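Keep in mind the model is a prediction, meaning the values are calculated, not measured. Remember, it's 1-based here, ligands and their atoms both numbered in the order they're listed. We number each residue from 1, following the sequence as shown.
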Amino acid sequence: MSDSNSYQPGRHFLQIPGPSNVPDSVLRAMAQPVIDHRGPEYPALTLGILDKLGRVFNSSGPLFIYPSSGTGGWESALLNVLTPGETVLAFETGHFATLWKAVAEKLGLRIEWVTGDWRRGIDANAVEDRLRADREHTIKAVLAVHTETSTGVTSRIPAIRDAMDASGHPALLLVDAVSSLACSDFFHDAWRVDVTVSASQKGLMLPPGLSFNAVSQKALERAKTATARHSYWCWESMLANNERGYFPYTPATNLLYGLDQALNLLHREGMDRVIARHSRLAAATRVAVTAWGLENVCLEPEEYCNSTTAVMVPEGSDADALRELILKRCNMSLGTGLGKLKGKIFRIGHIGDCNDLMLIGALGGVEMGLSLAGVPHRTGGVQAALQYLAEN
Ligand SMILES: *Cc1c(COP(=O)(O)O)cnc(C)c1O
């Protein structure tokens with residue numbers, strides 16, 4: 001982006017952890033003419049997308065697509081399966097977990113809130129302890145953010161599932177996979193997640209504007225008795241329409257064209273390879289961060305994040321001043337520190353449509369910026385990342 005008085009040549013480097021870069025073929029797919037969403041061509045589009053998208057969530061159950069940001073997906077999940085006054089168990093892993101909690105509060109839910117230090121994922125033992133202590137089964141759902149994008153920490157959902165099973169508690173498992181889907185392994189069915197929430201603008205390589213709910217049979221059953229008042233998000237009418245390839249209201253047709261193409265790209269690459277690519281780029285980024293002598297926000301290696309690396313700047317440095325300088329000098333956007341991490345960290349997105357050279361360019365911009373901004377660091381991060389990529 002440039003203002004009217006200046007032009008920054010070359011491609012802008014969008015290295016924030018979402019919205020992510022949109023492949024050219026996806027942009028072109030979205031430029032097709034709008035068609036009649038009640039017409040005969042529509043079911044092929046809808047049903048093709050639902051099939052291909054199910055193979056990204058690894059879910060065989062219903063999948064709902066909303067014209068909304070991810071926040072709408074959070075709201076939909078809560079409204080469909082819960083009734084105001086009911087209790088949910090939630091964990092303070094960072095900014096997004098805190099925002100989802102705030103949505104739940106506004107919808108009249110009670111929150112059992114487990115505080116955290118924003119550097120670790122959800123502690124499965126705490127899940128088990130809280131659920132065991134809840135003998136009356138007042139807790140109706142566990143809310144878990146898979147990848148906490150504000151800190152670059154990925155919680156271990158299988159361990160949370162195991163903890164829930166060990167406690168014998170019937171609560172639903174609601175997972176935010178907004179920035180982990182198509183970046184890290186995600187198995188909606190095998191992990192017995194009841195509602196997986198996601199959105200278009202992260203690993204799915206689309207512009208913002210779509211959210212998703214992948215739903216288990218247990219959650220569908222619960223939806224029949226939950227009595228929160230809502231209409232737009234209602235799974236029942238969505239399901240009835242989707243089965244025939246239609247939507248209860250005007251779908252975001254051009255975003256669906258883009259989604260269809262993005263899913264084609266993901267499946268052409270192969271989901272295993274998509275995940276492995278993210279994992280490798282993330283590892284190379286961490287190698288650079290270590291070489292710079294800077295600290296990763298994420299403390300547990302088992303919780304390292306495939307889509308985002310959050311980097312702490314030394315005391316006395318301002319991460320946002322660094323980001324501003326990098327934007328001006330290198331035409332690159334990096335993620336800002338959110339909530340209580342504002343000014344203390346910057347985030348490197350390696351999410352979605354990204355490859356070795358894009359990452360090396362991004363790391364080059366960071367290393368140049370660290371030097372120009374006078375942030376204490378060692379040089380050699382880019383070199384170390386190059387070597388890692390060459391050897392792995
Ligand atoms: C991006 C994101 C969201 C969704 O935010 P919106 O701005 O509403 O699209 C939710 N959770 C996580 C973990 C995210 O990274």
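For ligand 1 and Thr149, the ligand atoms under 4.0 Å from any heavy atom of the residue are 12 (C), 13 (C), 14 (C), 15 (O). For ligand 1, the atoms lying closer than 4.0 Å to a non-hydrogen atom of Thr147 are 13 (C). Listed by number with element, the atoms of ligand 1 under 4.0 Å from a non-hydrogen atom of Ser179 are 15 (O). In the vicinity of Ser69, heavy-atom distances shorter than 4.0 Å reach the ligand 1 atoms 6 (P), 8 (O), 9 (O).
On a distance-only criterion, Gly70 and ligand 1 share at least one N/O pair closer than 3.5 Å.
Contact annotation: for Glu148 versus ligand 1, there are no heavy atoms closer than 4.0 Å. Residue-level proximity to ligand 1 for Leu99 is absent, since no heavy atom of it falls below 4.0 angstrom. Heavy atoms of Thr71 found under 4.0 angstrom from ligand 1 belong to the backbone as well as the side chain.
In this pair, Tyr66 and Trp233 present their aromatic rings perpendicular. The plane angle is above 60°, beyond the 30 to 60° band.
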Exercise for the section: Test side-chain hydrogen bond (donor to acceptor under 3.5 Å, both in side chains) on Thr149 and Thr308 and set out the steps. Expected result: CA-CA 7 Å; Thr149 325; Thr308 313; 5.4 Å; no
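Under a cut-off of 6.0 angstrom, the local environment of CZ in Arg229 is sparse, with at most 12 non-hydrogen atoms contributed by other residues, nucleotides or ligands. For Glu269, the CD atom sits in a packed shell: over 12 heavy atoms of surrounding residues, nucleotides or ligands are nearer than 6.0 Å. The number of heavy-atom neighbours closer than 6.0 Å to CZ of Arg55, taken from other residues, nucleotides and ligands shown, is above 12.
At least one heavy atom of Trp74 sits less than 4.0 Å from an atom of ligand 1. Heavy atoms of Val197 come nearer than 4.0 angstrom to ligand 1 in no pair at all.
For the residue pair Thr147 and Ser179, no side-chain donor N or O sits within less than 3.5 Å of a side-chain acceptor on the partner.
The heavy atom nearest to atom 1 (C) of ligand 1, out of those in His146, His95, Lys202, Gln201, is found in Lys202.
Between Phe91 and the options Leu143, Ile160, Val142, a side-chain contact (heavy atoms from CB on, under 4.5 Å) holds for only Val142.
Taking the centre of each ring, His169 and His137 come in below the 6.0 Å mark.
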